[in-house]
Amino acid sequence: MTLNHHPSRARSTHRGHRERGVILPLMAMSMVSLLLLATLVIDGSHAYPQRRDMQNAADAASLAGTRALDQAKYRGASWSAVDTTAASVAADNGAESSTCTIVDRLGAEVGPCTTSASDGRAAGVRVVASDVRATSFSGITSQDSVTARARATATIQTFVGGTGTPFIVCGNPALGGYPILRPDGTIDPVSSAAMGKIPLQSSSTPGCGTGSAFKGKIQPGEIIDSIPADVTAENGNGFNHDIQVTVVGGTPCTEDDVADMGDDKVVSCDIVLPIADAGWGNGNSIGLHAVAWGVFHVTGTGQGNPKY
């Protein structure tokens with residue numbers, strides 16, 4: 001019998017077992033690294049939209065809460081509506097939880113909306129919106145959730161400064177105007193909010209005692225620095241490109257609004273307009289007495305009557 005010994009083959013087989021023993025730990029470490037990378041990619045891809053959604057929720061809730069505060073301060077609405085409105089709007093926009101804080105006109109915190117809405121310093125609302133989301137591989141990262149938070153503050157501010165608005169509105173019902181002003185010249189917010197849509201540039205625009213030539217337009221280029229003020233109005237109802245540009249330039253019109261504008265389009269903006277309690281003259285000499293400011297949602301109607 002002959003025995004053949006192959007030492008090199010035996011050494012090769014032994015080395016192969018050692019190599020497999022090294023490869024298995026390396027593969028396990030690689031799998032952990034890949035899972036960690038996947039966690040970062042998946043959770044990271046969700047982090048930005050989650051944060052953005054919370055910012056949108058905080059923005060919307062702070063605005064809604066401040067409107068509710070305005071209603072409570074000046075229109076007799078419930079003070080408790082400030083907190084409930086902010087919380088409801090935050091939840092409707094995806095927030096899992098939210099906090100509502102009253103702030104003064106400089107943004108300093110006054111106290112919770114539940115107890116401080118009626119405070120004399122109250123001038124706005126700050127909302128912090130939060131959302132908790134489970135992570136993808138909590139067993140690997142030892143972190144089972146991620147919380148996104150965002151905050152926003154809105155305040156009620158007194159309008160100061162001048163305006164080059166193209167329109168003026170008659171707010172004196174005693175002179176055929178809209179029910180905006182009380183007899184003492186101050187704004188009646190209840191009747192103003194209920195009056196609905198009105199024509200701003202039209203042959204039916206009330207003139208507060210002016211003649212039929214008045215169509216709701218202010219003399220081009222006239223700046224109203226303060227009120228009360230005597231305002232020169234313009235005769236005529238023709239289309240005016242400068243007015244169209246002013247309306248499109250108002251807040252909150254967007255670039256998409258401007259791009260979409262055409263004969264068959266409607267572009268909407270919010271514009272501060274003067275409100276008059278009296279007027280005089282006709283033809284080419286028309287004047288009105290402005291006593292208040294109002295924010296109007298202005299809508300263009302193309303070339304029709306009314307035009308806005």
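Cluster annotation: Ile180 and Val291 are assigned to the same hydrophobic cluster (Ile/Leu/Val/Met/Phe/Trp/Tyr, side-chain heavy-atom contacts under 4.5 Å, transitive). Taking hydrophobic clusters as Ile, Leu, Val, Met, Phe, Trp and Tyr residues chained together by side-chain heavy-atom distances below 4.5 Å, Leu181 shares a cluster with Leu200. One hydrophobic cluster, built from ILVMFWY side chains closer than 4.5 Å, holds both Leu288 and Val272. Following chains of ILVMFWY side-chain contacts shorter than 4.5 Å, one can reach Ile198 starting from Phe167, so the two form part of one hydrophobic cluster. No continuous path of ILVMFWY side-chain contacts below 4.5 Å connects Leu106 to Ile156, so the two sit in separate hydrophobic clusters.
Between the side chain of Thr66 and the main chain of Ala154, a donor-acceptor pair closer than 3.5 Å is present. Under a 3.5 Å cut-off, the side chain of Ser62 and the backbone N or O of Asp59 do form a donor-acceptor pair. With hydrogens and angles disregarded, a donor-acceptor distance shorter than 3.5 Å links the side chain of Ser191 to the backbone of Pro179. At least one donor-acceptor pair under 3.5 Å links the side chain of Lys215 to the backbone N or O of Ser212. At distances below 3.5 Å, at least one donor-acceptor pair connects side-chain atoms of Arg126 with backbone N or O atoms of Gly107.
For Arg182, the CZ atom counts as densely surrounded, since its 6.0 Å shell holds more than 12 non-hydrogen atoms of other residues, nucleotides or ligands.
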Apply side chain to side chain contact (heavy atoms under 4.5 Å, CB included) to Phe214 and Glu234, showing your working.
-> CA-CA 7 Å; Phe214 175 71; Glu234 181 186 10; over 6 Å; no
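Closest approach of Ala229 and Ile224 over heavy atoms only: CB-CG2, 4.2 Å. What you find for Ala58 and Ala150 is that their closest heavy atoms are CB-O, 3.6 Å. Pairing each heavy atom of Val127 with each of Ala86, the nearest pair is CG2-CB, 4.1 Å.
A side-chain donor-acceptor contact under 3.5 Å links Gln55 and Arg51.
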Side chains of residues 88-103: which donor-acceptor pairs under 3.5 Å do they make with residues two or more places apart or in other chains?
residue, atom, partner, partner atom, Å
Asn93, ND2, Val89, O, 2.8
Glu96, OE1, Val132, N, 3.4

Which side-chain N or O atoms in residues 273-282 pair as donor and acceptor under 3.5 Å with protein atoms at least two apart or in another chain?
residue, atom, partner, partner atom, Å
Asp277, OD1, His289, ND1, 2.9
Asn282, OD1, Ala213, N, 3.1

